[in-house]
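These notes are about the structure you will find just below.
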Amino acid sequence: MTNREASAAGLTTFRPVDSDALSVVREALNRQDWSAALAAANASAVSTPIEHAERDDLLASASWWLGRLDECIDARERAYRAYDELGEDRRAGQCAVWLWEHHGMRGRPSAAAGWLRRARRSLEAEPDSVEHAALLLREAEVAHGRGDLDVALDLGQRVIALGRELRAPDIEAEALQTAARVLIDQGRVDEGMAHLDEAMLFAVEGRLGPYSTGKVYCSLISACEQLGDLDRASEWTDATLRWSQRHPFAIFPGICRVHRAVVLKRRGALNDAEHEAIRACDELVGSHLGNTASAYAQVGDIRRRLGDLAGAEVAFDRARELCGRPCGDVALLRLAQGRTDAALAVVTECLEQTPTNRLARAELLPVLVHVAIAADDLDRADGANAELEQITEVFDTPMLRAVLCSTRGRLLLAHHDAAAARAALLDALDRWQMLRVPYEEATTRTLLGEALRQSGEAKAANASFSAAAALFEHIGAQLDARQVTDGARVPHPDGLTDREIEVLRLVATGKTNSEIASDLYLSVKTVSRHLSNIFTKIGVSSRSSATAYAFEHGFVAVNR
């Protein structure tokens with residue numbers, strides 16, 4: 001590896017100084033023996049200011065790879081100050097670039113932004129250097145994060161060209177993955193995946209340093225998960241985990257375990273997924289705040305699926321403590337707890353914090369549809385489904401199509417269009433089976449059972465409910481299994497929903513639509529719609545007939 005390549009790949013400049021006092025440290029870093037590098041750096045006999053600066057720079061690199069991020073930051077800041085005082089602008093600028101990344105990992109965005117500005121000042125006179133290319137890549141990531149996709153893509157493409165000109169494969173590969181993720185978010189999925197494939201060639205060929213290798217691997221896996229390509233994500237996660245285990249710093253094994261937990265969760269191996277996610281929490285703690293929060297969020301969602309609602313609450317609370325905001329899956333936990341208003345507030349806040357990222361919104365919109373239906377806000381559910389349809393038309397991945405069909409079927413059920421719901425859910429079921437995603441398959445079978453029951457196909461409905469319960473039990477989702485069994489065993493007459501029975505009970509007590517709306521925290525329009533559906537289902541045309549029906553079926557107690 002050349003010094004220029006190592007500068008981008010290894011978290012240090014690796015550039016030799018006049019004496020060889022630090023050669024042992026550099027050699028240990030180059031052979032990726034981080035513990036030996038740390039010991040050698042601490043024991044090195046340096047005397048000149050430039051040797052002191054490089055010793056701190058190398059010490060920072062060894063500390064980073066060993067997961068000692070606070071020690072890394074202290075040493076890197078000392079190295080920056082020393083290089084800056086010595087007029088070593090390129091080396092000072094590279095330190096500032098890394099300090100942007102280090103402080104970002106610790107959840108300090110303001111400090112990180114300050115270091116990026118310092119990097120710009122140090123490197124503005126070196127536009128054709130590897131260090132300046134590294135700066136442009138970080139500026140591309142910042143632009144991508146704030147939703148300036150055109151700016152981010154332009155920067156990424158500039159660095160691809162610069163990396164090729166400088167013959168720096170680490171820079172070129174990182175720039176390819178940066179541009180790839182922007183292209184994917186723009187809806188140019190094929191172009192984006194082609195860029196990632198090209199970046200992966202560098203890693204597979206062994207031409208990258210360990211940092212760039214890990215970054216490219218993780219980016220590819222993340223993109224596969226984002227697009228629902230679980231087979232590809234699983235293949236690369238296993239390969240990357242084997243690679244990362246050769247590097248003791250927790251960020252790469254830990255991040256790989258988060259990805260592995262996602263794949264295992266999707267495949268229905270919930271207990272294994274929980275184990276991997278918990279290990280990721282342990283490996284990432286103290287190193288990367290954002291990824292640690294993601295690991296805890298995965299633990300929370302896996303536990304919710306397992307029916308451990310209390311354990312899910314603990315994990316989600318920990319994720320929120322780390323990242324300062326709730327994740328969308330918390331809304332589904334609130335719904336499982338019967339806290340519909342809280343669920344609606346959570347998913348609404350999450351969508352407000354994700355105004356431009358369409359793939360991220362596509363993960364949240366089905367949750368909003370589900371929650372809005374439970375809250376009897378069909379207008380909001382309709383709007384969320386419409387946006388999901390628009391996003392699916394742009395990205396058109398198999399996973400998104402399956403999600404859209406399930407979501408559309410759920411919404412059609414809420415609108416009491418059982419025939420259309422049945423068609424949409426059968427389509428969704430085929431798609432989930434092809435994708436081999438059992439939890440979503442079981443959920444779809446549950447919805448399909450309800451559509452069949454409302455269509456008068458009792459035998460087929462019971463078969464769908466039974467298949468859903470068996471699948472939930474097989475993957476360990478015991479709470480869902482019990483709920484399906486209970487729902488299938490005690491159907492309401494004439495296809496009435498729980499909410500419609502609530503409305504019917506209040507009608508039978510003589511309350512007006514306005515009073516019912518007040519009691520149930522609904523709009524008068526929603527109550528009127530429920531009442532119209534009730535009249536249609538039970539075949540009556542007046543409130544008095546509906547009241548008689550309620551008493552006849554035992555929905556209202558008779559005073560004696």
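Fair warning: this is a prediction, and the values are worked out from it, not measured in the lab. Heavy-atom basis, side chains included; hydrogens, waters and symmetry copies ignored.
- No side-chain heavy atom of Leu196 sits under 4.5 Å from any side-chain heavy atom of Leu176.
- Contact check on Arg305 versus Asp301 returns a salt bridge, with a Lys/Arg side-chain nitrogen under 4.0 Å from an Asp/Glu carboxylate oxygen.
- Using a 4.5 Å cut-off on side-chain heavy atoms (C-beta onward), Leu400 and Leu359 make contact.
- In this structure, Arg207 fails the cation-pi test against Phe202, since its NZ or CZ atom is not both closer than 6.0 Å to the six-membered ring centre and inside 45 degrees of the ring normal.
- Of the residues His275, Gln298, Glu276, the one that meets the side-chain hydrogen bond (donor to acceptor under 3.5 Å, both in side chains) test with Arg257 is Glu276.
- The pair Asp396-Arg401 meets the salt-bridge criterion, since a charged nitrogen lies less than 4.0 angstrom from a carboxylate oxygen.
- By the 4.0 Å N-to-carboxylate-O rule, Glu313 lies close enough to Arg334 to be salt-bridged with it.
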Decide side-chain hydrogen bond (donor to acceptor under 3.5 Å, both in side chains) for Glu225 and His259; before the verdict, give the C-alpha distance in whole Å, the side-chain angles of both, and the deciding distance to 0.1 Å. CA-CA 8 Å; Glu225 289 173 3; His259 291 307; 3.1 Å; yes
Can you check side-chain contact (heavy atoms from CB on, under 4.5 Å) on Arg76 and Ser61, steps first, answer last? CA-CA 8 Å; Arg76 191 80 76 192; Ser61 296; 3.6 Å; yes
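- A salt bridge is defined here as a Lys NZ or Arg NE, NH1 or NH2 lying under 4.0 Å from an Asp or Glu carboxylate O, and Asp57 with Arg91 fails to meet this definition.
- The pair Asp231-Arg436 meets the salt-bridge criterion, since a charged nitrogen lies less than 4.0 angstrom from a carboxylate oxygen.
- A donor-acceptor pair is defined here as one N or O able to donate and one able to accept, closer than 3.5 Å; no such pair exists between the side chain of Ser122 and the backbone of Ala92.
- Counting heavy atoms from C-beta on, the side chains of Leu59 and Arg78 come closer than 4.5 Å.
- Note that CG of Asp197 is 7.0 Å distant from CG of Leu220, once rounded to the nearest 0.5 Å.
- Between the side chains of His288 and Glu283, no donor-acceptor pair of N or O atoms lies under 3.5 Å.
- Checked by atom type and distance alone, the side chain of Asp308 never pairs as donor or acceptor with a backbone atom of Arg303 at under 3.5 Å.
- Checking side-chain atoms of Arg181 against main-chain N and O of Ser219 turns up a donor-acceptor pair under 3.5 Å.
- A heavy-atom distance below 4.5 Å is not found between the side chains of Arg118 and Trp100.
- Contact annotation: the side chain of Thr178 never approaches that of His144 to less than 4.5 Å [non-hydrogen atoms, C-beta and beyond].
- Here Glu124 does not pair with Arg120 in a salt bridge; the nearest charged N to carboxylate O distance is not below 4.0 Å.
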Can you list the steps and then say if Arg55 with Glu51 is a salt bridge (charged side-chain N to carboxylate O under 4.0 Å, His left out)? CA-CA 6 Å; Arg55 192 272 307 274; Glu51 286 180 330; over 6 Å; no
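- Classification of the Trp65-Trp34 ring pair by plane angle, with boundaries at 30° and 60°, yields parallel.
- Under the 4.5 Å side-chain criterion, counting only non-hydrogen atoms from C-beta, Leu29 is in contact with Leu58.
- Heavy atoms only, all atoms of each residue included: Glu174 and Leu137 are closest at CB-CD1, 3.7 Å.
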Salt bridge (charged side-chain N to carboxylate O under 4.0 Å, His left out), that's the test. Do Glu393 and Arg358 meet it? Break it down for me. CA-CA 12 Å; Glu393 287 301 315; Arg358 288 177 292 180; over 6 Å; no
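- Residues Ser129 and Leu166 come closest through the heavy atom pair C-CD1, 3.7 Å.
- In this structure, Leu368 and Ala384 approach most closely via the heavy-atom pair CD2-CB, 3.7 Å.
- Taking the side chain as every heavy atom from C-beta outward, Val258 and Arg279 never approach each other to under 4.5 Å.
- Of the possible donor and acceptor atoms, one in the side chain of Asn42 sits under 3.5 Å from a partner among the backbone N and O of Leu38.
- Leu289 has its side chain out of reach of Met105: every pair of non-hydrogen atoms, C-beta onward, lies at least 4.5 Å apart.
- At least one donor-acceptor pair under 3.5 Å links the side chain of Arg361 to the backbone N or O of Thr354.
- For the pair Arg320 and Asp317, the salt-bridge criterion is met [side-chain N within less than 4.0 Å of a carboxylate O].
- With Thr348 contributing its side chain and Leu344 its backbone, the two residues share a donor-acceptor pair below 3.5 Å.
- Arg158 and Glu172 are not joined by a salt bridge, as no carboxylate oxygen comes within less than 4.0 angstrom of a charged side-chain nitrogen.
- Taking OH from Tyr80 and CD from Glu85, the interatomic distance works out to 10.0 Å, rounded to the nearest 0.5 Å.
- The SG atom of Cys327 lies 11.0 Å from the CD atom of Glu349; values are rounded to the nearest 0.5 Å.
- Because its NZ or CZ atom is not both nearer than 6.0 Å to the ring centre of Tyr439 and within 45° of the ring axis, Arg266 does not count as a cation-pi partner of that residue.
- The cationic group of Arg138 lies under 6.0 Å from the six-membered ring centre of Trp98 and within 45° of the ring axis, placing it in a cation-pi geometry.
- Of all non-hydrogen atoms in Leu388 and Leu365, the two that sit nearest each other are N-CD1, 3.7 Å.
- Closest approach of His103 and Ile73 over heavy atoms only: NE2-CG2, 3.7 Å.
- A salt bridge links Lys215 with Glu141; the closest basic N to acidic carboxylate O contact falls under 4.0 Å.
- Here the closest non-hydrogen pair linking Phe316 and Leu333 is CD1-CD2, 3.6 Å.
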